[in-house]
Amino acid sequence: MTKRSMQEPTLLLLTALADAPRHGYALIQEISAISHGRVTMRTGTLYSALDRLLQEGLIRVESDEVVDGRARRTYALAEPGRAELAAEAERLRAIATEATRRLTATVIRTEAGGAFA
């Protein structure tokens, strides 16, 4: 049985944590930046996803602190999360490479007067 592809919110969250630990608001900003503004993660969705990723062992709590009287939890990518993210990045890279190869082949056949398959 093959493993399902990673859902986009999970991919974005793990990617946002790949280079540095971040707290919730910073994750929302980072996800928006990574997706070039296409994805805006709502607070409830974010914390539900973070809870699930914690339970799955893909992320860990880096620190808990109080900032301006409010609790702030910082999350970090755990080693299993790093491995999952690397595998998903490779899966996506392979698909993109094949898509590019096929598009290039189509352009070459078209320019040479070949027919589409």
Nearest heavy-atom pair of [X] and [Y]: which atoms, and what distance?
| X | Y | value |
| --- | --- | --- |
| E88 | M6 | OE2-N, 3.3 Å |
| A18 | L85 | CB-CD2, 3.8 Å |
| L14 | G81 | CD1-O, 4.1 Å |
| L17 | Y75 | CD2-O, 3.3 Å |
| P21 | T74 | CB-CG2, 3.6 Å |

Problem set entry | Stepwise side-chain contact (heavy atoms from CB on, under 4.5 Å) test for L27 and L50 | CA-CA 10 Å; L27 283 167; L50 289 170; 4.0 Å; yes
Whether [X] side chain and [Y] backbone form a donor-acceptor pair below 3.5 Å:
| X | Y | value |
| --- | --- | --- |
| R22 | A16 | yes |
| S32 | I28 | no |
| T45 | M41 | no |

Problem set entry | Co-membership, hydrophobic cluster, residues Y25 and L77, 4.5 Å side-chain |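 No: no chain of side-chain contacts under 4.5 Å links Y25 to L77.
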For this session: Say whether I95 and L11 are linked into one hydrophobic cluster, either directly or through other cluster members, by side-chain heavy-atom distances under 4.5 angstrom.
Result: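 In one cluster with I95: L11, no.
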Exercise. Quick check: are there more than 12 heavy atoms from other residues, nucleotides or ligands sitting under 6.0 Å from CZ of R101?
Worked result: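 It does: R101 CZ has more than 12 such atoms within range.
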To the nearest 0.5 Å, what is the distance between [atom1] on [X] and [atom2] on [Y]?
| X | Y | atom1 | atom2 | result |
| --- | --- | --- | --- | --- |
| I59 | L13 | CD1 | CG | 7.0 Å |
| E30 | S35 | CD | OG | 10.0 Å |
| L103 | E98 | CG | CD | 10.0 Å |
| R72 | H23 | CZ | NE2 | 4.0 Å |

Exercise. Any side-chain donor paired with an acceptor under 3.5 Å for R52 and T10?
Worked result: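 Yes, because at least one side-chain N or O of R52 sits under 3.5 Å from a partner of the opposite role on T10.
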Problem set entry | Ion pair check, R60 and E62, cut-off under 4.0 Å |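 Yes, this pair counts.
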Problem set entry | Working for salt bridge (Lys or Arg N to Asp or Glu O under 4.0 Å), residues R38 and E8 | CA-CA 12 Å; R38 188 179 54 79; E8 187 176 33; 2.2 Å; yes
